[in-house]
Every structure is written in structure tokens, then in C-alpha cells.
Amino acid sequence: QLYTEGVYYDYMGIYAGGTRTPICAASMEKKQHLLQFTKRVPPETNGIHWPRLTNLILDRIGVKASDVNHFVFTQINIASIWETLEALKVPREKAHNVMDRYGYTGSACIPMCLADAARQHKFKKGDLIMVLGSGGGMTMAAMAMRWGYDT
């Protein structure tokens with residue numbers, strides 16, 4: 001399930017590089033080559049939309065949130081994750097997190113979280129895993145999947 005809300009299009013970006021603003025020593029000193037958050041997306045955004053997207057998917061496949069074995073989220077904000085799990089009425093232990101060790105790693109955070117949980121043998125064959133992601137602009141995606149092999 002995909003969701004976008006374009007009103008946040010200018011809330012983050014890399015505002016240097018390319019031909020418009022070439023990277024030079026002066027821009028490096030100002031750290032203009034780094035990702036910048038120019039405005040703050042309302043903190044409740046994930047807590048509103050992640051449960052909604054989860055329920056859309058779960059309704060479609062005919063299961064309840066309590067039937068989900070594991071939740072994997074974009075690793076941007078632990079409060080948003082707890083808020084989502086609370087809204088879904090599932091225990092926090094169902095979410096696997098890596099942000100405490102790696103911080104926010106952008107688009108790599110979900111595969112890193114999945115790989116870490118698999119390495120720890122948390123997933124069993126047939127487990128239902130709900131994956132929820134957020135990105136700039138604002139974009140969101142939700143997916144339910146069954147784990148296909150024993151770890």
C-alpha cells in the first residue's frame with residue numbers, strides 16, 4: 001500500500017551538488033552537500049498513517065494486527081513506532097529495532113532491520129511480518145509478507 005502527501009515536498013533535500021550548486025571547498029565548509037531538513041514534518045504523521053496503512057493491508061488479507069508476528073519500521077523515531085504499536089494494540093516486543101545501534105540510515109534502515117532480526121533467528125517460517133516505511137516528500141509504504149524459510 002503506497003501513500004503520498006505532497007505538501008511536504010520542500011521539507012528536506014540535498015541543496016548542493018550538480019550543475020546548479022557545484023560542490024566546492026566553500027560549500028563543504030558550510031556542509032551544503034549534506035541532507036538538510038529545512039522544516040519539520042509534524043511528529044504525529046507516522047503515528048497517524050502507519051496504523052491506517054497497516055489496517056488497510058490487514059483488512060485486505062483478512063487478518064488482525066494481533067496476528068502479525070513482527071513489525072519492521074523505518075528507523076527514524078522510536079516514539080512513532082511505539083505510538084503505532086499502541087494504536088494497533090500490539091506489544092512493543094513485536095517491533096525489531098536497530099536505530100539504537102546504527103542511528104537513522106535512510107533507505108537502508110528497513111533491510112538492515114530485517115537482516116538483523118533474521119541473524120538473531122527472530123523470524124520463523126510462516127511468520128507474518130508487517131513492514132512500514134516513510135520517506136521525504138512525504139511518501140509512505142506498507143507491506144505484509146510471510147517469512148519463507150527458517151533462520
Side-chain angles (χ1 to χ4, degrees), residues 1-6 8-18 23 28 31-151:
Q1 182 72 42
L2 301 175
Y3 174 72
T4 62
E5 199 166 313
Y8 301 109
Y9 73 94
D10 63 345
Y11 279 42
M12 64 179 281
I14 299 173
Y15 299 98
I23 299 294
M28 295 283 280
K31 298 187 187 270
Q32 290 177 324
H33 64 292
L34 301 175
L35 175 66
Q36 296 175 23
F37 292 86
T38 58
K39 300 176 190 173
R40 186 175 168 151
V41 174
E44 66 275 5
T45 302
N46 287 334
I48 291 169
H49 294 292
W50 281 348
R52 184 181 64 77
L53 293 171
T54 298
N55 285 322
L56 284 171
I57 298 258
L58 298 179
D59 287 348
R60 191 178 306 148
I61 64 174
V63 299
K64 302 180 298 282
S66 59
D67 297 325
V68 177
N69 301 100
H70 308 278
F71 288 84
V72 174
F73 296 90
T74 293
Q75 302 286 291
I76 188 110
N77 182 319
I78 197 68
S80 294
I81 292 172
W82 296 160
E83 183 180 359
T84 299
L85 296 171
E86 185 175 306
L88 294 169
K89 297 179 174 57
V90 296
R92 290 180 176 184
E93 294 75 33
K94 287 196 173 192
H96 188 74
N97 299 300
V98 295
M99 70 180 93
D100 59 328
R101 289 170 281 150
Y102 304 111
Y104 177 60
T105 58
S107 60
C109 66
I110 288 176
M112 286 174 66
C113 197
L114 286 166
D116 188 69
R119 263 193 308 277
Q120 293 182 33
H121 306 286
K122 289 192 171 186
F123 301 153
K124 304 296 180 231
K125 188 173 185 175
D127 277 358
L128 180 60
I129 302 169
M130 192 74 208
V131 179
L132 294 122
S134 300
M138 173 198 60
T139 59
M140 292 189 171
M143 172 182 73
M145 66 179 182
R146 291 270 178 207
W147 194 250
Y149 59 93
D150 286 318
T151 57

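Taking 4.5 Å as the limit, some side-chain heavy atom of Met99 sits within range of a side-chain heavy atom of Ile81. Met145 places a side-chain heavy atom less than 4.5 Å from the side chain of Val131. Put simply, the side chain of Asn97 reaches to within 4.5 Å of the side chain of Gln75, judged on heavy atoms. Side-chain contact between Met130 and Ile57 is present, with heavy atoms from C-beta onward closer than 4.5 Å. Counting only heavy atoms from C-beta outward, the side chains of Lys94 and Leu88 never approach each other to under 4.5 Å. Put simply, the side chain of Val68 does not reach to within 4.5 Å of the side chain of Thr54, judged on heavy atoms. Proximity of Met140 to Thr4: side-chain heavy atoms (C-beta onward) are nowhere separated by under 4.5 Å. Residues Thr105 and Met112 are in side-chain contact: their nearest non-hydrogen atoms beyond the backbone lie under 4.5 Å apart.
Between the Asp67 side chain and the Val63 main chain, no donor and acceptor come within less than 3.5 Å of each other.
Note: Leu132 CG to Ser80 OG = 11.5 Å, rounded to the nearest 0.5 Å. With rounding to the nearest 0.5 angstrom, the OG1 atom of Thr84 is 12.0 Å from the CZ atom of Arg52. Distance check, rounded to the nearest 0.5 Å: SG of Cys113 to CZ of Phe71 gives 13.0 Å. Between Tyr104 atom OH and Ile76 atom CD1 the span is 4.5 Å, to the nearest 0.5 Å. Between Ser134 atom OG and Phe73 atom CZ the span is 9.5 Å, to the nearest 0.5 Å. Atoms CD and CG, from Glu83 and Asn77 in turn, are 8.5 Å apart once rounded to the nearest 0.5 Å.
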> Phe123 and Leu114: side chain to side chain contact (heavy atoms under 4.5 Å, CB included), yes or no, with the steps?
Replying inline: CA-CA 9 Å; Phe123 301 153; Leu114 286 166; 4.0 Å; yes

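The closest side-chain donor-acceptor pair between Lys122 and His96 falls under 3.5 angstrom. Checked by atom type, the side-chain pair Trp50/Thr74 shows no donor-acceptor distance below 3.5 Å. A side-chain N or O of Tyr3 and one of Glu5 form a donor-acceptor pair less than 3.5 Å apart.
Here Lys124 does not pair with Asp127 in a salt bridge; the nearest charged N to carboxylate O distance is not below 4.0 Å.
Considering every non-hydrogen atom in both Ala95 and Leu85, the closest pair reads CB-CD1, 3.6 Å. Scanning all heavy atoms of the two residues, the minimum distance from Ala141 to Leu2 falls at CB-CD2, 3.6 Å. Heavy-atom minimum distance, Leu53 versus Ala142: CB-CB, 3.8 Å. Heavy-atom minimum distance, Pro111 versus Ala108: CD-O, 3.2 Å.
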